[in-house]
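Below: one structure, written as structure tokens.
What you see below is based on every heavy atom in this structure, not just the backbone, and it leaves out hydrogens, waters and symmetry mates. Model, not experiment: these values are computed from the prediction. Residue numbers start at 1 and run along the sequence shown.
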Amino acid sequence: MPLTRSLSMTSLSGLPLWDEEDLPVDDLLLFEVAWEVTNKVGGIYTVIQTKAKITVDEWGENLFMMGPYYEHNFNTQVEQCEPPNPAIKKAMGALIDNGCLVYFGRWLIEGSPYVILFDTGSAAWNLDRWKGDLWDTCGIGLPAHDREANDSLLFGSMVAWFFKELTDELGDSPNVLAHFHEWQVGAGLILCRSRKIPLATIFTTHATLLGRYICAGNVDFYNNLDKFNIDQEAGERQIYHRYCLERAAVHCAHVFTTVSHITAVEANHMLHRKPDVVTPNGLNIKKFSAMHEFQNLHSTNKGQIQEFIRGHFYGHLDFNLEKTLFFFIAGRYEFSNKGVDIFLESLSRLNYLLRVHKNDVTVVVFFIMPAKTNNFNVETLKGQAVRKQLWDTAHTVKDKFGKRLYEALLKGDIPDMNTILDRDDFTIMKRAIYATQRHTLPPVTTHNMLDDTSDPILANVRRIGLFNARTDRVKIVFHPEFLSSTSPLLPMDYEEFVRGCHLGVFPSYYEPWGYTPGECTVMGIPSVTTNLSGFGCFMEEHVSDPTAYGIYIVDRRFRSADDSCNQLTQFMFGFCQQSRRQRIIQRNRTERLSDLLDWRYLGRFYMHARSLALSRAFPDKFKMEPLAPPQTEGFRYPRPGSVPPSPSASVHSTPHHSDEEDDEEPYDEDEEAERDRQNIKAPFTLGATPEGKKTHPGESAN
């Protein structure tokens with residue numbers, strides 16, 4: 001589902017279109033091959049799904065996506081149909097006639113691309129023979145116990161077989177371009193190249209296998225890239241065969257790409273090939289028709305979160321919800337890689353600072369990370385029931401009060417407020433108040449954890465002592481399930497929840513891209529990221545002062561863990577010191593950056609990679625000037641010139657609200673947006689503008 005953003009005043013429409021020769025797509029067939037096609041496993045699914053619309057707009061009926069067949073996914077996400085291309089139908093028939101099932105249809109997402117799905121189970125009888133072929137071809141052996149690697153070989157062998165049948169049928173025209181994502185489909189690329197099948201190939205790594213494994217072990221990875229014995233590290237982790245598949249695919253591809261500059265550095269050391277193109281990940285951004293609708297959505301969804309807080313903290317609700325900020329972290333439960341370790345330590349320090357400064361701001365922090373549970377926590381469910389009962393009681397008394405007041409006014413009397421409520425009403429209210437009393441602290445987790453003694457988050461909560469006590473200014477809610485609008489606890493979808501929060505915190509150590517802060521940005525929610533995430537590096541490169549736009553970048557590469565904790569603590573403490581008005585201004589700025597993350601602009605890097613692959617595979621038919629990878633130097637959002645987003649340059653040193661802000665410098669959002677539009681330059685220049693071509697407004701030739 002596309003994320004929505006506002007239109008007009010908060011849009012920076014100065015981003016130029018890429019003026020490059022279009023590929024002759026009518027004479028080409030594009031295949032995108034990924035394990036996540038119709039199969040949600042991780043972040044690559046988001047990349048494939050959100051990019052589909054702009055790719056279909058460019059390639060039309062000549063785009064086909066390829067992935068594994070799973071019956072449930074096929075029945076719920078795919079509309080089965082006949083292949084429109086006779087060559088594809090014949091190639092599929094060749095596999096089906098030999099007992100290997102292949103399915104065709106339209107994927108029911110935006111753009112409705114064609115999909116070709118291969119049933120690896122139906123081809124399992126070929127596994128030993130295909131393992132022998134792989135060994136004879138490139139000397140890579142796969143162990144019997146690694147089912148994922150075996151499935152990847154089955155899938156890759158079927159894909160290579162399909163391409164052989166297809167290219168034999170097509171001949172020289174149209175030419176075939178295949179884009180492979182990640183090591184799970186790498187075997188298909190290796191076999192295509194070893195069998196000299198005439199097609200252009202691209203391989204994209206979204207994260208190196210070995211990098212993810214090494215970082216999970218609390219190693220100073222990025223500062224020691226040149227010191228690792230790669231073969232030894234892979235062997236010790238028993239993934240040497242997977243590493244070989246990944247590295248072979250990288251070196252066999254005509255074009256090698258990765259998703260960020262930090263991952264490009266990593267891939268150069270881990271896989272021994274420098275990426276030809278960096279292809280940043282984007283989002284499908286749908287614009288609102290109303291100007292500031294995203295601010296209204298923030299207010300509405302914040303109200304829903306406040307209702308949950310009223311129930312969860314019943315009996316301990318001695319803090320002002322209007323001065324309560326909601327922070328969150330979400331994603332896979334990778335304690336070190338996702339930076340949960342330094343986040344918890346920073347929360348402990350933030351709690352200390354807020355208490356020492358006698359700050360009246362309370363911070364409620366949500367951890368949305370799936371873990372093993374057996375059910376909802378009874379105390380948490382009771383809290384929501386108590387809240388609902390109190391709400392019903394208040395409405396009952398209110399209705400009685402309103403009726404008696406109405407009748408008294410009809411008679412021309414001013415009622416005595418001491419007698420308008422009778423004794424029964426007071427009894428009902430007292431019973432409701434007594435029901436809200438509790439003798440235990442509000443629970444840290446909303447579910448019963450299967451192994452709470454060894455759970456990393458809960459173990460560290462015990463270490464730092466944040467148990468949601470009355471004296472704590474930082475409260476913790478660990479929700480070990482992904483959010484759902486059908487939940488009896490917090491009935492919100494993830495997008496609604498994000499819009500209701502004030503700050504997303506993602507201090508990851510290993511994050512090749514990082515969709516979570518990007519999603520925050522397009523929804524106008526400030527976020528914390530790091531200079532070791534692809535998103536953080538991208539923002540550092542394109543925004544002159546990311547902090548002013550609500551993108552806080554923690555230095556985890558050149559600072560010690562303790563210094564990074566202190567920096568994160570200061571970011572969060574500074575955010576707590578902002579007034580409500582300053583937060584509104586900052587959200588406007590944050591949302592303005594969403595143009596940078598739109599696939600309509602980032603998709604051009606994929607276009608460049610395709611052109612480069614075709615020129616290398618078919619040099620006689622496709623010519624391309626020797627260009628460097630797409631350069632982004634020379635484009636930086638200017639620092640906004642209005643009210644500073646944090647109180648560092650303000651006369652106030654403690655939180656204050658809009659009714660106290662009359663002395664602040666006036667802020668005109670229309671004027672600021674116009675200033676940014678005038679300062680904008682070409683963001684993604686693929687070299688000098690060819691002679692005779694026009695430049696778009698605001699575009700400069702680098």
Side-chain angles (χ1 to χ4, degrees), residues 218 309 312-313 316-320 323-331 333-369 371 440-446 449 452-480 501-509 516-517 526-530 532 552-556 559-578 646-647 653-655:
N218 289 322
I309 295 299
H312 191 79
F313 289 91
H316 287 257
L317 204 63
D318 52 356
F319 50 91
N320 185 352
K323 294 186 178 181
T324 298
L325 302 179
F326 302 133
F327 295 0
F328 80 98
I329 183 172
Y333 197 164
E334 296 177 6
F335 187 72
S336 298
N337 282 359
K338 296 297 182 184
V340 184
D341 47 0
I342 77 159
F343 185 30
L344 281 165
E345 178 60 33
S346 299
L347 289 175
S348 175
R349 300 179 188 188
L350 175 65
N351 185 53
Y352 172 79
L353 286 176
L354 292 175
R355 290 172 63 177
V356 165
H357 288 81
K358 301 189 184 305
N359 211 303
D360 61 352
V361 168
T362 301
V363 176
V364 178
V365 184
F366 291 88
F367 290 77
I368 312 294
M369 293 183 151
T440 58
L441 294 174
V444 168
T445 179
T446 58
M449 304 292 290
D452 69 340
T453 55
S454 60
D455 182 82
I457 289 180
L458 296 182
N460 276 270
V461 167
R462 296 185 190 103
R463 178 182 64 81
I464 61 180
L466 284 179
F467 298 120
N468 295 336
R470 291 183 185 273
T471 54
D472 288 332
R473 297 271 52 85
V474 174
K475 319 282 186 181
I476 289 180
V477 178
F478 179 22
H479 189 282
C501 287
H502 296 91
L503 182 71
V505 185
F506 314 101
S508 304
Y509 185 79
T516 41
S527 61
V528 177
T529 183
T530 72
L532 289 181
Y552 300 90
I553 301 175
V554 176
D555 184 357
R556 294 205 63 184
R559 294 192 182 199
S560 66
D562 186 62
D563 287 344
S564 296
C565 274
N566 286 333
Q567 187 183 19
L568 176 55
T569 304
Q570 288 302 319
F571 281 153
M572 293 190 294
F573 184 62
F575 189 86
C576 291
Q577 288 183 294
Q578 290 184 18
S646 70
S653 59
T654 56

### Message
When you compare the side chain of Ser527 with that of Thr516, does any pair of heavy atoms fall below 4.5 Å?
### Response
no

#### Entry: Nearest heavy-atom neighbours spanning Thr530 and Ser508
OG1-O, 2.9 Å

### Query
Between SG of Cys565 and CZ of Arg559, what distance do you get to the nearest 0.5 Å?
11.5 Å

### Query
How long is the gap from CZ on Arg556 to CG on Leu532, to the nearest 0.5 Å?
7.0 Å

### Task
Go through the steps for Val361 and Gln577 under the test side chain to side chain contact (heavy atoms under 4.5 Å, CB included), then give the verdict.
CA-CA 8 Å; Val361 168; Gln577 288 183 294; over 6 Å; no

### Query
Hey, is the main chain of Pro456 close enough, under 3.5 Å, to the side chain of Asn460 for a donor-acceptor pair?
yes

### Task
Taking only Lys NZ, Arg NE, NH1 and NH2, and the carboxylate oxygens of Asp or Glu, determine whether Asp360 and Arg473 approach each other closer than 4.0 Å.
no

### Task
Name all residues meeting the salt bridge (charged side-chain N to carboxylate O under 4.0 Å, His left out) criterion together with Arg349; count only those two or more places apart in sequence or in a different chain, and write none if there are none.
Glu345, Asp562

### Query
Should the pair Phe326 and Phe366 be assigned to parallel (<30°), tilted (30 to 60°) or perpendicular (>60°) ring geometry?
perpendicular

### Query
Does any non-hydrogen side-chain atom of Tyr352 lie less than 4.5 Å from one of Leu350?
no

### Query
Which atoms form the tightest heavy-atom contact between Ile342 and Ser564, and what is the distance?
CD1-CB, 4.4 Å

#### Entry: Heavy-atom closest contact (Val474 atom, Leu466 atom, distance)
O-CD2, 3.9 Å

### Task
Please round to the nearest 0.5 Å and tell me the distance separating atom CG of Asn351 and atom CG of Asp472.
4.5 Å

### Query
Crowded around Tyr333 OH? As in, over 12 foreign heavy atoms under 6.0 Å?
yes

### Task
Please report the C-alpha distance between His312 and Thr446 in whole Å, then the side-chain angles of each, then the deciding distance to 0.1 Å, and finally whether the side chain to side chain contact (heavy atoms under 4.5 Å, CB included) criterion is met.
CA-CA 9 Å; His312 191 79; Thr446 58; 4.2 Å; yes

### Task
Please lay out, stage by stage, how Asn468 and His316 fare under the test side chain to side chain contact (heavy atoms under 4.5 Å, CB included).
CA-CA 9 Å; Asn468 295 336; His316 287 257; over 6 Å; no

### Query
Are Phe327 and Phe367 near enough that their ring centres are under 6.0 Å apart?
no

### Message
Taking the side chain as everything from C-beta on, heavy atoms only, tell me whether Ile457 gets closer than 4.5 Å to Val444.
### Response
no

### Results of salt bridge (charged side-chain N to carboxylate O under 4.0 Å, His left out) for Asp341 - residues two or more places apart only
none

### Residues forming a salt bridge (charged side-chain N to carboxylate O under 4.0 Å, His left out) with Asp455, sequence neighbours excluded
none

### Query
Which atom pair, heavy atoms only, marks the closest approach of Pro526 to His502?
CD-O, 3.5 Å

### Query
Of all heavy-atom pairs between Met572 and Ser346, which one has the smallest distance, and what is that distance?
CE-CB, 3.6 Å

### Summary
d(Lys338 NZ, Ile329 CD1) to nearest 0.5 Å is 8.5 Å

### Phe575 and Val528, any side-chain heavy atoms less than 4.5 Å apart
no

### Task
Please examine the side chains of Leu354 and Cys576, heavy atoms only from C-beta on, and report whether any two atoms are closer than 4.5 Å.
yes

### Message
I'd like to check Val461 versus Leu344 (side-chain heavy atoms, cut-off strictly below 4.5 Å). Are they in contact?
### Response
yes

### Gap between atom CG of Leu458 and atom OG1 of Thr453 - 0.5 Å precision
9.5 Å

### Summary
Taking every heavy atom of Leu317 against every heavy atom of Ile309, the minimum-distance pair comes out as CD1-O, 4.1 Å

### Stepwise side chain to side chain contact (heavy atoms under 4.5 Å, CB included) check, Lys475 with Thr324
CA-CA 10 Å; Lys475 319 282 186 181; Thr324 298; over 6 Å; no

### Query
For the residue pair His357 and Phe573, is the inter-centroid distance of their aromatic rings smaller than 6.0 Å?
yes

### With Leu503, the side-chain contact (heavy atoms from CB on, under 4.5 Å) member among Phe571, Phe328, Tyr552
Tyr552

